[in-house]
Amino acid sequence: MFTSIQAAAISLRPKKWDKPANAAKMERLMREAATANPDVIVTIEGALEGYVVYDVIEGRRSPDEMLEIAEPLDGPYVAHFRQLARELRVCLCFGFAERVDDEIYNTVVFIDHVGEMCGTYQKSQFAEGTHPSWHFNRIGKQLRAFDTPFGRAGMLICNDRWNPLIPRAIVLDGAQILYIPTFGNTSKAQNQAVLTRARENGVPIVQANVGQNLVVSKGETVAYQRGFDKITLATVDIPTPPSAAAARSLEQEYLKRQGPEMERRYRETMAKLDASKAG
């Protein structure tokens, strides 16, 4: 038993340190995607500021500059996209550098079709590691699912996909679908990792990357597209959560088909036996 939704993934290519330009491009591509009437639109990690943390780590820009460009959850750009979700009547999922007091987290937000924030997630595994002094690159400490108009969902960010413990914990919290905003690796190995995470957890995945979109449903790749600023549309089948009521309903559906199917197979078997005897 599944609920089908339409998903759109956008392989946004942002400009580093240019929030106004990136927000304008995001809105333009989201509006274009919305013309196909998807239920949810997903785009990349660090979409607003352009994923600039390595500029700070490598000394090209200062932590104070990153703190200035980071966006609090109640900031003007998040508010703008909440309004856009209400206007378009579509759920939106995207990543940005989140400012919490004087610290920064790599965050993804899920906004529903009436503009409410259903859930947020702070990246919990960094390729670059972390250090107590890096207040501009704090690591997330919670792996939680959240409620959406299409059941419970979970989010990962980029490097999280390599660690099977992260999505498993979120699925055990009830997630029936995973969204993965990403910035970076577009190798065959990462595609295989996403497919594996979907199969081992029995849930669909919608991933939007810089230069690549990937959608997995029922354990198979149903959409894959390379290129920058591409919109990829796909039907995603979200499994019904386990329950006695759902199990009995599906049991009865099967039993209605069991008798006629076994009778058909019996006739085929006897026809083959008769043909063998006649030969």
Reported CD1-to-OG distance for the pair Ile139 and Ser124, which is rounded to 0.5 angstrom: 6.5 Å
Closest non-hydrogen atoms of Ser11 and Gly227, given as atom of the first, atom of the second and distance, are OG-O, 2.6 Å
Output for pair (Asn22 CG, Ile69 CD1), nearest 0.5 Å, gives 8.0 Å
May I ask you to decide whether Asp229 forms a salt bridge with Lys25, counting only side-chain N to carboxylate O separations under 4.0 Å? yes
Other residues, nucleotides and ligands only: do more than 12 of their heavy atoms fall within 6.0 Å of CZ on Arg257? no
Tell me yes or no: between the side chains of Ser187 and Asn185, is some donor less than 3.5 Å from an acceptor? yes
Looking only at side chains, do Glu128 and Asn137 share a donor and an acceptor under 3.5 Å apart? yes
Once you round to the nearest 0.5 Å, how far does CD of Glu68 lie from CH2 of Trp17? 10.5 Å
Would Met66 end up clustered with Tyr105 when hydrophobic side chains under 4.5 Å apart are linked, directly or stepwise? no
Apply ring-ring contact (aromatic ring centres under 6.0 Å, His included) to Phe146 and Phe110, showing your working. CA-CA 9 Å; Phe146 54 92; Phe110 188 100; 5.6 Å; yes
Quick check: does any side chain N or O of Glu71 sit under 3.5 Å from a backbone N or O of Leu48, one acting as donor and the other as acceptor? no
Could you walk me through whether Asn106 and Val53 pass the side-chain contact (heavy atoms from CB on, under 4.5 Å) check? CA-CA 9 Å; Asn106 185 332; Val53 68; over 6 Å; no
When you measure from the side chain of Arg197 to the backbone of Leu178, do you find a donor-acceptor pair of N or O atoms at a distance under 3.5 Å? no
Transitive ILVMFWY side-chain link Trp134 to Val52, under 4.5 Å: yes
Counting only heavy atoms from other residues, nucleotides and ligands, does the tally under 6.0 Å from CZ of Arg13 exceed 12? no
Can any side-chain N or O of Asp173 pair as donor or acceptor with the backbone N or O of Ala145 at less than 3.5 Å? yes
When every non-hydrogen atom of Glu65 is compared with those of Ser62, the smallest separation belongs to OE1-N, 2.8 Å
Got a sec, which residues hit side chain to side chain donor-acceptor pair (under 3.5 Å) with Thr3, two or more places apart in sequence or on another chain? none
Are more than 12 heavy atoms, taken from residues, nucleotides or ligands other than Asp101, located less than 6.0 Å from that residue's CG atom? no
Would you confirm whether Glu45, through its side chain, and Ile157, through its main-chain N or O, come within 3.5 Å as a donor-acceptor pair? no
Evaluate the side-chain proximity of Pro20 to Asp18: yes if any heavy-atom separation is below 4.5 Å, no if none is. yes
Option passing side-chain contact (heavy atoms from CB on, under 4.5 Å) with Leu156 (candidates Ile180, Val194, Ile205): Ile180
Verify, without hydrogens or angle tests, whether Lys230 (side chain) and Gly211 (backbone) share a donor-acceptor contact under 3.5 angstrom. no
What one should report as the nearest heavy-atom pair of Pro181 and Thr43 is CB-O, 3.2 Å
dist Ile111:CD1 -> Thr120:OG1 (nearest 0.5 Å) comes out at 11.0 Å
4.5 Å side-chain heavy-atom contact, Leu12 and Leu29: yes
Kindly compute the distance separating CZ (Arg60) from NZ (Lys16), expressed to the nearest 0.5 Å. 8.0 Å
Is Gln176 reaching over with its side chain to a backbone N or O of Gly151, donor-acceptor style, under 3.5 angstrom? no
Would you say that Leu92 contacts Ile41 through its side chain, given a criterion of any heavy-atom pair below 4.5 Å between the two side chains? yes
Just by distance, do the side chain of Asn209 and the backbone of Gly184 share a donor-acceptor pair under 3.5 Å? yes
How close do Leu195 and Val216 get, counting heavy atoms only, and between which atoms? CD1-CG1, 3.7 Å
When you measure from the side chain of Ser249 to the backbone of Ala245, do you find a donor-acceptor pair of N or O atoms at a distance under 3.5 Å? no
Would you say that Tyr51 contacts Cys158 through its side chain, given a criterion of any heavy-atom pair below 4.5 Å between the two side chains? no
4.5 Å side-chain heavy-atom contact, Pro38 and Val90: yes
Hydrophobic cluster identity match, Met117 and Met155, side-chain contacts under 4.5 Å: no
Hey, could you give me the CG/CG distance between Asp112 and Asp39, rounded to the nearest 0.5 Å? 12.0 Å
Any heavy-atom pair between the side chains of Arg138 and Thr130 that's under 4.5 Å? no
Which other residues end up in the same hydrophobic cluster as Leu273, if Ile, Leu, Val, Met, Phe, Trp and Tyr are linked when side-chain heavy atoms come under 4.5 Å apart? Tyr266, Met270
Check: Gln225/Thr232 side-chain N/O donor and acceptor closer than 3.5 Å: yes
Could you go step by step and tell me if Asn191 and Tyr224 meet the side-chain contact (heavy atoms from CB on, under 4.5 Å) rule? CA-CA 10 Å; Asn191 296 343; Tyr224 178 75; 3.3 Å; yes
Closest heavy-atom contact between Arg168 and Glu200? NH1-O, 4.2 Å
Exactly one of Glu261, Glu263, Glu268 clears salt bridge (charged side-chain N to carboxylate O under 4.0 Å, His left out) with Arg265, and that residue is Glu261
Answer yes if Tyr179 and Phe2 sit in the same cluster of Ile, Leu, Val, Met, Phe, Trp and Tyr residues linked by side chain heavy atoms under 4.5 Å apart, and no otherwise. no
side-chain hydrogen bond (donor to acceptor under 3.5 Å, both in side chains) evaluation trace for Thr107 with Glu98: CA-CA 6 Å; Thr107 294; Glu98 179 194 0; 2.6 Å; yes
So do Ile57 and Phe136 actually touch side chain to side chain, heavy atoms under 4.5 Å? yes
Between Val215 and Ile10, is there shared hydrophobic-cluster membership here, with clusters defined by ILVMFWY side-chain heavy atoms closer than 4.5 Å? no
Find out whether Leu73 and Phe96 are in side-chain contact, i.e. whether some heavy atom of one side chain is under 4.5 Å from a heavy atom of the other. yes
Candidate pair Asn163 and Gln125, rule side-chain hydrogen bond (donor to acceptor under 3.5 Å, both in side chains), full reasoning: CA-CA 8 Å; Asn163 190 330; Gln125 178 166 290; 2.9 Å; yes
Correct closest heavy-atom pair for Ala153 and Thr148 would be CB-CG2, 3.7 Å
Looking at Glu87 and Arg31, is there a salt bridge between them, counting it only when a charged N and a carboxylate O are closer than 4.0 Å? yes
State, without any angle test, whether Gln142 and Tyr121 hold a side-chain donor-acceptor pair at a distance under 3.5 Å. no
